[in-house]
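What follows is one structure encoded as structure tokens, with my remarks underneath.
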Amino acid sequence: MTDTSLHSRSIVIDALQCSDFNREILLEAQKGGVTAISASSVLWEDFRGGMDYVIMWKQKLAENADIAMPIKTLADIERAKADGKVGIIFGWQNTSPVEDRLDYFGIFKDLGVNIMQLTYNTQNFFGAGYLEEKDSGLTGFGREAVDAMNEAGIMIDLSHVGIQTSLDTIAYSKKPVAVTHCLPRGLRDVPRNKPDEVFKACADKGGVIGTSLFAPGLAAGNDASVKDVIDAMEYTMDLVGEDHVAIGTDFNHNRARPGPWLLWANKDKGTGRTLTEFGSAKITKPEGIRRNDEFPNLTAEMQSRGWSEERITKILGANWLRMFAQTWG
């Protein structure tokens with residue numbers, strides 16, 4: 001018998017969605033018992049685009065203040081849970097809006113941006129993405145960027161970052177770093193998935209790995225279901241332990257495929273060569289966890305495998321809470 005109260009009692013955190021959020025998506029998340037979502041849509045933007053993102057969310061949260069609220073601190077997450085609201089963490093999938101100004105990290109932190117992926121898919125000032133032809137690792141300026149993010153209290157994400165740049169960043173950073181939305185290459189050998197060595201290095205330094213729902217990275221591809229997602233979670237957990245695994249769905253609701261946003265996302269810097277076919281290929285979310293209101297199905301599958309209540313609450317949100325405490329301060 002599944003105890004549905006466990007899900008409703010737990011703090012549930014999704015460390016990455018790049019949806020074009022509207023009220024309907026927020027209501028679905030509220031219904032699914034989701035406490036906080038990192039809304040991470042910045043990919044290739046410059047400083048102005050980063051500011052536009054903050055302004056857009058300020059407006060969106062004001063319009064939906066009855067059901068959603070901004071998350072800047074751990075206390076905000078607790079408050080969102082207590083008030084039954086969906087907390088929105090400002091996150092980016094690239095550091096491009098800081099351009100070449102290290103002092104902009106602190107400015108954007110002050111505006112509420114708490115999570116930044118070091119680089120998105122290809123090379124930037126700081127290092128290489130996983131699709132860069134030659135990953136030469138964390139640059140000298142990249143080390144200074146890592147120091148600036150550590151100091152500002154911005155959690156560093158490595159999900160789309162190249163293997164060498166990831167390993168360099170993990171080794172160099174004074175604080176733990178995260179892989180917010182990724183799957184293990186050991187279960188499916190595709191470039192977007194990370195090899196065991198990266199997951200292990202991340203966990204050894206206290207980091208957390210968010211299991212993604214991105215079908216091309218799951219063992220069953222477009223035929224995947226909730227069970228395949230939990231299989232991937234179990235694989236990662238066997239590798240690094242239950243203190244270092246969590247959720248990062250990579251939902252991108254309200255984005256047409258193919259459509260302007262996804263086609264732009266898949267070009268280098270938004271204007272260069274098309275890097276992957278993900279912008280137009282058919283990609284089906286795993287059956288049973290296709291939308292935010294289906295989050296309880298993840299918990300039910302964990303329970304059906306006999307996981308302890310402590311383990312489930314860690315995976316649902318407690319591991320991210322610990323990570324945020326270590327990195328945001």
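The side-chain heavy atoms of Arg192 and Cys182, taken from C-beta on, include a pair separated by under 4.5 Å. A heavy-atom distance below 4.5 Å is found between the side chains of Arg48 and Asp52. Side-chain atoms of Met323 and Pro176, non-hydrogen and from C-beta on, do get closer than 4.5 Å to each other. Asp147 is listed as a side-chain neighbour of Lys174, based on a closest heavy-atom distance under 4.5 Å. Residues Thr95 and Thr119 are not in side-chain contact: their nearest non-hydrogen atoms beyond the backbone lie 4.5 Å or more apart. Taking 4.5 Å as the limit, every side-chain heavy atom of Arg23 sits out of range of all side-chain heavy atoms of Glu28. Residues Val42 and Gln93 form no side-chain contact, since every pair of their non-hydrogen atoms from C-beta on lies 4.5 Å or further apart. Between Arg185 and Val190 the shortest side-chain heavy-atom distance does not fall below 4.5 Å.
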Enumerate donor-acceptor pairs with a distance under 3.5 Å from any side-chain N or O in residues 280-289 to protein atoms, sequence neighbours excluded.
from: Lys282; atom 1: NZ; to: Thr284; atom 2: OG1; distance (Å): 2.9

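Note that the CG atom of Asp76 and the CH2 atom of Trp328 stand 8.5 Å from one another [nearest 0.5 Å]. For the atom pair OG1 of Thr35 and CD1 of Ile71, the computed distance is 9.0 Å after rounding to the nearest 0.5 Å. The distance from the OG atom of Ser96 to the CG atom of Asp46 is 7.5 Å, given to the nearest 0.5 Å. With values rounded to the nearest 0.5 angstrom, Asn266 atom CG is found 9.0 Å from Trp261 atom CH2. Taken to the nearest 0.5 Å, the CD atom of Glu24 stands 10.0 Å off from the CG atom of Leu26. Going from atom CG of Asp135 over to atom CG of Leu167 covers 9.0 Å, rounded to the nearest 0.5 Å.
Annotation: Gln326, atom CD; neighbour count of heavy atoms from other residues, nucleotides and ligands within 6.0 Å is above 12. Glu63 CD: more than 12 foreign heavy atoms inside a 6.0 Å radius. Counting non-hydrogen atoms of other residues, nucleotides and ligands closer than 6.0 Å to NZ of Lys31 gives a total of 12 or fewer. For NZ of Lys205, the number of neighbouring non-hydrogen atoms (other residues, nucleotides, ligands) closer than 6.0 Å is greater than 12.
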Is there a side chain to side chain contact (heavy atoms under 4.5 Å, CB included) between Ile11 and Glu78 once you walk through the steps? CA-CA 8 Å; Ile11 285 183; Glu78 303 283 355; 3.7 Å; yes
Before giving the answer on side chain to side chain contact (heavy atoms under 4.5 Å, CB included), spell out for Leu218 and Val229 the whole-Å C-alpha distance, their side-chain angles and the decisive distance to 0.1 Å. CA-CA 7 Å; Leu218 287 164; Val229 176; 4.2 Å; yes
Going through the distances and angles, do Thr313 and Leu6 end up as a side chain to side chain contact (heavy atoms under 4.5 Å, CB included)? CA-CA 8 Å; Thr313 55; Leu6 175 59; 3.8 Å; yes
Mind running side chain to side chain contact (heavy atoms under 4.5 Å, CB included) on Asn22 and Lys60 for me, showing each step along the way? CA-CA 8 Å; Asn22 57 16; Lys60 212 169 268 202; 6.0 Å; no
What verdict does the side-chain hydrogen bond (donor to acceptor under 3.5 Å, both in side chains) test give for Thr122 and Asp268, after you've listed the backbone C-alpha separation in whole Å, the side-chain angles of each residue and the deciding distance to 0.1 Å? CA-CA 7 Å; Thr122 54; Asp268 195 3; 2.6 Å; yes
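Legend: ring-ring contact (aromatic ring centres under 6.0 Å, His included) pairs involving residues 276-309, not counting sequence neighbours, sorted by first then second residue: Phe214-Phe278.
The hydrophobic cluster containing Phe251 also contains Ile37, counting ILVMFWY residues as joined when their side-chain heavy atoms lie under 4.5 angstrom apart, directly or transitively. Met237 and Val226 fall within the same hydrophobic cluster, defined by Ile, Leu, Val, Met, Phe, Trp and Tyr side-chain heavy atoms under 4.5 Å apart, directly or through other members. The hydrophobic cluster containing Leu43 does not contain Met155, counting ILVMFWY residues as joined when their side-chain heavy atoms lie under 4.5 angstrom apart, directly or transitively.
By the ring pair (Phe, Tyr, Trp, His ring centres under 6.0 Å) test, Phe108 is found to be paired with Phe47, Trp92, residues two or more places apart in sequence or in another chain being considered.
Looking only at atom types and distance, the side chain of His7 has a donor-acceptor partner in the side chain of Thr299 under 3.5 Å away. A side-chain donor from one of Asp157 and Thr180 sits under 3.5 Å from a side-chain acceptor of the other. Under the 3.5 Å distance criterion, with hydrogens and angles disregarded, a donor-acceptor pair is assigned to the side chains of Asn124 and Asn94. Gln164 and Asp168 form a side-chain donor-acceptor contact under 3.5 Å, judged by distance and modelled atom types alone. When only modelled atom types and interatomic distance are considered, Asn150 and Ser173 share a side-chain donor-acceptor pair under 3.5 Å.
The one candidate from Ile77, Asn319, Val208, Thr73 that meets the side-chain contact (heavy atoms from CB on, under 4.5 Å) condition with Phe324 is Ile77.
Taking the six-membered ring where the residue is Trp, Trp57 and Tyr53 present perpendicular rings, their angle passing 60° and hence far from 30°.
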